[in-house]
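For reference, the structure discussed in these notes is given below.
One is the number of the first residue; the rest follow in order along the sequence. The structure presented is a predicted model; accordingly, all values stated were derived computationally and were not measured.
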Amino acid sequence: QVQLVESGGGLVQAGGSLRLSCAASGLTVSTYAMGWFRQAPGKEREIVAAISKFGFTTYYQDSVKGRFTISRDDAKNTGYLQMRSLTPEDTAVYYCATTMRIALRTRSIDYDYWGQGTQVTVSS
């Protein structure tokens, strides 16, 4: 049974940092491309960052470029999203997802497995 479990969310002041983790079981993260999505109240789920299966390519939404970093620790079977210089506009539930496709994907429909989400709240 595949499980993705996010952690690391919480309440942080604007300008602060958080690191989200996505611990996987039932699959090996090194054989999957991974993405991080977020959904704010009243808004659609959007891609934040993605990494290809072999880790050669990454994608970042324009609003997070230079502030967020997606990574993966294959030994720990865990993905990460390091978030810096957070703003209130980053407040959302963050989800990790994996896809068996080799290339990174930016559409939620292309992902096969999802975590339950972790809340990130940035206060001004």
Side-chain angles (χ1 to χ4, degrees):
Q1 182 182 359
V2 175
Q3 256 194 323
L4 300 177
V5 179
E6 300 98 334
S7 61
L11 174 64
V12 64
Q13 287 189 331
S17 299
L18 286 173
R19 188 178 78 157
L20 305 184
S21 299
C22 176
S25 59
L27 62 80
T28 303
V29 295
S30 62
T31 62
Y32 286 76
M34 177 175 283
W36 285 91
F37 291 76
R38 66 185 179 188
Q39 188 166 18
K43 294 187 177 181
E44 293 189 355
R45 190 171 298 188
E46 61 179 5
I47 183 76
V48 175
I51 187 167
S52 62
K53 175 179 177 178
F54 297 111
F56 293 148
T57 57
T58 56
Y59 164 88
Y60 295 96
Q61 184 194 105
D62 284 347
S63 68
V64 307
K65 283 181 181 177
R67 301 189 299 121
F68 290 13
T69 304
I70 188 171
S71 63
R72 203 174 61 198
D73 186 332
D74 294 342
K76 295 184 177 180
N77 212 32
T78 299
Y80 300 98
L81 184 68
Q82 177 68 52
M83 306 186 295
R84 298 182 175 88
S85 301
L86 286 162
T87 73
E89 288 68 38
D90 295 316
T91 295
V93 178
Y94 283 72
Y95 301 87
C96 68
T98 58
T99 173
M100 295 181 67
R101 294 165 176 82
I102 295 175
L104 63 84
R105 299 286 174 172
T106 60
R107 302 187 309 166
S108 59
I109 194 173
D110 290 330
Y111 284 81
D112 305 305
Y113 301 106
W114 291 81
Q116 83 290 347
T118 185
Q119 176 71 46
V120 171
T121 303
V122 184
S123 63
S124 56

Quick one: pull up [atom1] in [X] and [atom2] in [Y] and give me the separation to the nearest 0.5 Å.
X     : Y     : atom1 : atom2 : result
Asp90 : Ser85 : CG    : OG    : 9.5 Å
Arg19 : Ser71 : CZ    : OG    : 7.0 Å
Ser7  : Tyr80 : OG    : OH    : 8.5 Å

Practice task
Run through Asp112, Leu27, Thr28 and flag the one making a side chain to side chain contact (heavy atoms under 4.5 Å, CB included) with Thr98.
Solution key: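 For Thr98, the side chain to side chain contact (heavy atoms under 4.5 Å, CB included) check succeeds only for Leu27.
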[Y] backbone acceptor or donor facing [X] side chain under 3.5 Å:
X      : Y     : answer
Asn77  : Val29 : yes
Gln82  : Thr69 : no
Gln119 : Gly9  : no

Test item: [X] and [Y] side chains (from C-beta on) under 4.5 Å apart, heavy atoms:
X      : Y      : result
Ser17  : Met83  : no
Tyr94  : Glu6   : no
Glu89  : Val122 : no
Leu18  : Val120 : yes
Arg67  : Thr87  : yes
Arg101 : Asp110 : yes

Enumerate donor-acceptor pairs with a distance under 3.5 Å from any side-chain N or O in residues 44-54 to protein atoms, sequence neighbours excluded.
from	atom 1	to	atom 2	distance (Å)
Glu46	OE1	Gln61	NE2	3.3
Glu46	OE2	Arg38	NE	2.8
Glu46	OE2	Arg38	NH2	3.4
Glu46	OE2	Gln61	NE2	3.4
Ser52	OG	Gly55	N	3.4
Ser52	OG	Phe56	N	3.2
Ser52	OG	Thr57	N	3.1
Ser52	OG	Thr57	O	3.4
Ser52	OG	Thr57	OG1	3.1

Fill in the blank from the handout: In short, Ser124 meets Ala14 closest at the heavy-atom pair CA-CB, 4.3 Å
Fill in the blank from the handout: For Lys76 and Thr78, the nearest pair of non-hydrogen atoms, with its separation, is O-OG1, 2.8 Å
Exercise for the section: Examine Arg105 relative to Tyr111 and say whether NZ or CZ is less than 6.0 Å from the centre of the six-membered ring and inside a 45° cone about the ring axis. Expected result: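 Judged by the rule (NZ or CZ under 6.0 Å from the ring centre, within 45° of its axis), Arg105 is not positioned above Tyr111.
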Problem - Aromatic centroids of Phe37 and Trp114 separated by under 6.0 Å - result: yes
Would you say [X] and [Y] are hydrophobically clustered, going by side-chain heavy atoms of ILVMFWY under 4.5 Å?
X      : Y     : result
Phe68  : Leu20 : yes
Trp36  : Tyr60 : yes
Val2   : Val5  : no
Leu81  : Leu4  : yes
Met100 : Ile70 : yes

